[in-house]
Amino acid sequence: MKKLTREFYKRDTLLVAKELLGKYLVVDKENCTLKGKIVEVEAYMGTKDKAAHSYSGKITERTKVMYKEGGYAYVYLIYGMYYCMNVVTLEENLPEAILIRAIEPVSELETMCKNRYGKSFQELNSYEKKNITNGPGKLCKAMDITKWLNGEDLCGDRFYILQDENEDKIEVISSKRIGIDYAEEAKDFLWRFYIKDNKFVSKLD
DNA sequence: AATGCGATTCTCT
DNA sequence: GAGAATCGCATTT
């Protein structure tokens, strides 16, 4: 498995979004390495996208990470209790990013269960087992992604994305983004992408 | 200083 | 399907 390079991230956001599907998100901790296959993403297309935090070029303490060059992590708190993780794309001052909406657990499933529910996998009921990492807030809880990883370089050693050289061909479904009803015309853009028939996708159309 | 609210999730019904 | 939880940020007084 090979780590994605800076060049990978500094390309067209919609292209990078689709190519992130099937890659492996890794959080390297002192005692363990959490790993999950990316199965669902959404693209946020910068200053002209009414759903994006960077709409109209607004720069604040929260959004400034979006203005970095590609390959940095933008992690923010939502509803006072959940974190969402994004991958920044393009060159500096082009504030586009990709929200990771769901992963499929690959390594450290037990740790993820502990992080999410404080219980082992075996102790989970069937509803909990289905809901470990199938949402942007859930996967951050499971992988212990918090504000301490905001601005982290994904080309570094603690938080990165791997590519499987023998990756199977992936069937990509495009659909409308979730939870952005306020975004007027932008709410209908097909900027959500997920792997067809994958059981860990957060919501079916 | 005060207000309003969100790229969500969970717990009911 | 509705309502609550909970807090940092952006905006208004």
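Letters go in sequence order (proteins before strands), and every chain restarts at 1. Note that the structure is predicted; figures quoted are calculated from it, not measured.
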For DNA chain C, the residues among [range] that have a non-hydrogen atom under 4.0 Å from it:
range	value
residues 74-90 of chain A	A/Leu77, A/Tyr79, A/Gly80, A/Met81
residues 112-148 of chain A	none
residues 195-204 of chain A	none

Length of the [atom1]-[atom2] vector between [X] and [N], whole Å:
X	N	atom1	atom2	result
A/Ile100	B/dT8	CD1	P	14 Å
A/Arg177	B/dG6	CZ	P	15 Å
A/His53	C/dC9	NE2	C1'	10 Å
A/Tyr55	C/dC9	OH	P	23 Å

By side-chain hydrogen bond (donor to acceptor under 3.5 Å, both in side chains), which residues pair with [X], not counting sequence neighbours?
X	answer
A/Tyr72	none
A/Arg177	A/Asp49
A/Ser107	none
A/Thr111	A/Glu108

In whole Å, what separates the P atom of B/dA7 from that of C/dG1? 23 Å
Which ring pair (Phe, Tyr, Trp, His ring centres under 6.0 Å) pairs, counting each pair once, include a residue from residues 130-171 of chain A, with sequence neighbours left out? none
Scan residues 172-192 of chain A for pairs that pass ring pair (Phe, Tyr, Trp, His ring centres under 6.0 Å), counting only residues two or more places apart or in two chains. A/Phe189-A/Trp191
Is it true that the side chains of A/Gln122 and A/Ser120 contain a donor and an acceptor less than 3.5 Å apart? no
Using distance alone, with no hydrogens and no angle criterion, decide if A/Tyr83 and A/Asp144 have a side-chain donor and acceptor under 3.5 Å apart. no
Residues that, via side-chain heavy atoms closer than 4.5 angstrom, fall in one hydrophobic cluster with A/Leu94: A/Leu90
Closest approach of A/Glu167 to A/Lys23 (non-hydrogen atoms, all atoms of both residues): OE1-NZ, 3.5 Å
Residues which pass salt bridge (charged side-chain N to carboxylate O under 4.0 Å, His left out) with A/Glu92, listed by chain and number, not counting sequence neighbours: none
Report the residue from A/Asp164, A/Asp153, A/Asp28, A/Asp157 that forms a salt bridge (Lys or Arg N to Asp or Glu O under 4.0 Å) with A/Lys3. A/Asp157
Name the nucleic acid region contacted by A/Leu99, choosing base, sugar-phosphate or nothing; use a 4.0 angstrom heavy-atom cut-off, strictly under. base
Looking at the rings of A/Tyr76 and A/His53, which for Trp means the six-membered one, are their centres under 6.0 Å apart? yes
Listed range with range, the stems formed with DNA chain B by at least 3 consecutive Watson-Crick or G-U pairs (under 3.5 Å) are B:1-6 with C:7-12, B:8-12 with C:1-5
